[in-house]
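Beneath this line is the structure, given in C-alpha cells, with notes to follow.
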Amino acid sequence: KEAEQQQKLANVVILATGGTIAGAGASAANSATYQAAKVGIDKLIAGVPELAQLANVRGEQVMQIASESISNDDLLKLGKRVAELADSNDVDGIVITHGTDTLEETAYFLNLVEKTDKPIVVVGSMRPGTAMSADGMLNLYNAVAVASDKQSRGKGVLVTMNDEIQSGRDVSKSINIKTEAFKSAWGPMGMVVEGKSYWFRLPAKRHTSNSEFDIKQISSLPAVDIAYGYGNVTDTAYKALAQNGAKALIHAGTGNGSVSSRVVPALQELRKNGVQIIRSSHVNQGGFVLRNAEQPDDKNDWVVAHDLNPQKARILAMVAMTKTQDSKELQRIFWEY
Ligand SMILES: NC(=O)C[C@H](N)C(=O)O
C-alpha cells in the first residue's frame, strides 16, 4: 500500500543553497538577528514531515551561503544542476531553497536559461527556523506543493512566499522586516493554501522552454555592473566600473531611468568605447522606463530595461550578452523577456 502511494506521488528534489530559511538565531525572539546558512537540507526536510504527503522528496546541498554572497559562478553551478535534474526521467519538480536578498535574481536567471516545462520553485524565508512564527516551514511546504502540481508546468520559474505564487521574473523583495516581503508590480500568479494551488494568471514574457537561452551552452557570464542615480550624483562610479572591465552598465536611474546632466557625457563616451548602457529605474515596485523618453536612446545607442529593476536588468544583460553584443538585439531581448 505504501509503495503504491509513493508511486502516485511526484518526485521532487530540493536543492539547498543556504539563506535565512537555513538560518539559526540565539533566541526565539531573534527574528532579524541570526546567522543565515547554518542548517543542512536533511534537517530542513526532517523538520517538515508533512512534505512526505505531498511528494517523494529528496534533498541536495548545492552550497551553504547567505544569498548576498552569491556569485556568477554559483549561479552557473546551480543552473547546471537544475538542468541535469530537469532532464532526468525520475524528477517531476525542483525546489530551490535560497536566501531572500538575491532570490529574485536567481529566480529570474533560471527563468531565462532552463529549457524545461517541469516546475521550478524558488523559496526562502524572512525569519530563521529558530524564531517565533518562523515562516520557512510553510513556505517550503508550499514550494513542494507547487513543484509537485502538474498545473505548475510551463509557467516559468515560480516563487512561493507568504502563501502567494509569484512569477520569478516579476517578483522582488520589497521589505526586509516582514514575512509579506515579496511583491510584484503586476500581482501574484496564484495562491497556495493547505497544499493546494489556485491559479489566476499566466506570464506574458518568454521563459524556460520558450527562451532562446540555454544554461547548457553558457560557461561564463560577462561582467555587468550597476551604478545608482541620485541627486548630486557624479560620473565617478560609472567610469570606475567601466575601467574595471564592465561590458555593460545598468544605470539604476531615478524615475523613468532619467540620467543626470553631470553623468550623460560619460555614458555617451563609454558607449562609444563599446560599453552597453542600459537605463533602468530604481523606483520601487513600479519602475517603467520608456525608450526615448527622458533621454534620446536612439541617438545615444542606449538600451532601456523597461519594467525590470536594476538587479534583474543585470541578470538579463549578462545572459543576453552571452549571445549578442548588438544594442538593437539587446533591446529586442529586453522587450521580450
Ligand atoms: N531572509 C534572508 O534570507 C536574508 C539573508 N541575508 C539571505 O539572503 O541569505
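Keep in mind that this is a model prediction, so the values were computed, not measured. FYI, the numbering just counts along the sequence from 1. Just so you know, ligand 1 is whichever comes first in the structure, and atom 1 is the first atom listed for that ligand. FYI, side chains are in, hydrogens and waters are out, and symmetry mates aren't considered; it's all heavy atoms of this structure.
The number of heavy atoms from other shown groups lying within 6.0 Å of NZ (K80) is above 12. With a 6.0 Å radius and a threshold of 12 heavy atoms from other residues, nucleotides or ligands, K205 has its NZ atom above the threshold. At most 12 non-hydrogen atoms from other residues, nucleotides or ligands lie less than 6.0 angstrom from CD of E180. Around the NZ atom of K239, the shell of radius 6.0 Å holds no more than 12 heavy atoms that belong to other residues, nucleotides or ligands.
Of the charged side-chain nitrogens involved, at least one lies within less than 4.0 Å of a carboxylate oxygen, so that R332 and E336 count as a salt-bridged pair.
Near S125, meaning under 4.0 Å from one of its heavy atoms, ligand 1 places the atoms 1 (N), 2 (C), 3 (O). Proximity to E68 (heavy-atom distance under 4.0 Å) selects the following atoms of ligand 1: 5 (C), 6 (N), 7 (C), 8 (O), 9 (O). The contact set between ligand 1 and G19, taken as ligand atoms under 4.0 Å from a residue heavy atom, comprises 9 (O). Remark: ligand 1 atoms within the under-4.0 Å shell around heavy atoms of A66 are 9 (O).
Looking at ligand 1, you won't find any N or O of H98 less than 3.5 Å from one of its N or O atoms. Of the polar atoms of T102, none of the N or O atoms is found under 3.5 Å from an N or O of ligand 1, judged by distance alone.
At the shortest separation from atom 4 (C) of ligand 1 among protein heavy atoms lies T20 OG1, 3.2 Å. For atom 1 (N) of ligand 1, the nearest protein heavy atom (residue, atom name, distance) is T100 OG1, 2.6 Å. Scanning all protein heavy atoms for the shortest distance to atom 9 (O) of ligand 1 gives S67 N, 2.8 Å.
Within the 3.5 Å criterion, the main-chain N or O of S174 finds no donor-acceptor partner in the side chain of K178.
Under 4.0 Å from ligand 1, not a single heavy atom of A37 appears.
One distance of note links CD of Q276 with CD of Q331; it measures 10.5 Å at 0.5 Å rounding.
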